[in-house]
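Counting begins at 1 with the first residue of the sequence. Because only heavy atoms are used, hydrogens play no part in the values below, and waters and symmetry mates are left out as well, while side chains stay in.
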Amino acid sequence: DATMVQLRKDAVALVAGKEAWPSEKQAALDAHDAAALEMQRVVVEEAVREKNRKMSLLVVRHAAEKDDLKRQYTLDMQTAGRTHSKLIADLKAGHSRELRTTKDEHTVAVEKSEQLYLDQHGEHAQNFSA
């Protein structure tokens with residue numbers, strides 16, 4: 001009975017100008033299509049996995065680069081802070097030396113000036129300042 005139905009379908013297809021597909025051919029075609037779809041699905045899944053793996057690697061690499069940049073920035077800021085502190089200390093030390101030198105020069109100049117005054121005005125100036 002099923003064979004008769006298939007034969008009728010084949011006959012109608014022949015009359016309509018189409019090739020008749022016996023059920024074995026259709027089953028083979030369906031199996032081939034199913035296999036092709038499965039293969040396509042596997043390829044797409046593999047492509048998605050590969051894309052996700054690459055994205056994960058990029059995220060990890062980005063995080064590592066970001067950490068490296070933060071670490072380098074911190075080191076640079078620490079170096080700049082130390083350099084700044086050393087410059088301030090050097091400036092203060094230099095300023096202190098200059099003040100001491102100026103004070104010493106002033107003291108010497110005052111002593112010379114007093115001695116010159118005493119030399120010029122003699123004993124009268126000594127009596128006056130005493």
Sort out for me which residue in Gln72, Arg71, Lys70 forms a side-chain contact (heavy atoms from CB on, under 4.5 Å) with Asp68.
Arg71
Near Gln40 CD, under 6.0 Å, is it more than 12 heavy atoms from other residues, nucleotides or ligands?
no
Side-chain heavy-atom pair Leu58, Arg61 within 4.5 angstrom cut-off
yes
Value for CD (Glu50) from CD (Glu45), rounded to nearest 0.5 Å, stands at 14.5 Å
Rounded to the nearest 0.5 Å, the CE atom of Met77 sits from the NE2 atom of His84 at a distance of 10.5 Å
Under the 3.5 angstrom rule, does the side chain of Thr107 hit a backbone N or O of Lys103 as a donor-acceptor pair?
yes
For the atom pair OG (Ser56) and NZ (Lys51), what is the distance rounded to the nearest 0.5 Å?
12.0 Å
Test side-chain contact (heavy atoms from CB on, under 4.5 Å) on Gln115 and Glu111; report intermediate values, then the result.
CA-CA 6 Å; Gln115 188 59 45; Glu111 289 171 354; over 6 Å; no
What verdict does the side-chain contact (heavy atoms from CB on, under 4.5 Å) test give for Val44 and Arg41, after you've listed the backbone C-alpha separation in whole Å, the side-chain angles of each residue and the deciding distance to 0.1 Å?
CA-CA 5 Å; Val44 168; Arg41 184 188 65 75; 5.8 Å; no
To the nearest 0.5 angstrom, please state how far the OG1 atom of Thr101 sits from the NE2 atom of His106.
14.5 Å
State the NZ-CD distance between Lys112 and Glu105, to the nearest 0.5 angstrom.
10.0 Å
At what distance, to the nearest 0.5 angstrom, does CG of Asp104 lie from CZ of Arg100?
8.5 Å
Assess the residue pair Asp90 and Lys86 against the criterion (salt bridge (Lys or Arg N to Asp or Glu O under 4.0 Å)); give the C-alpha distance rounded to whole Å, side-chain angles, the decisive distance to 0.1 Å, and a yes or no.
CA-CA 6 Å; Asp90 289 349; Lys86 185 177 178 337; 3.0 Å; yes
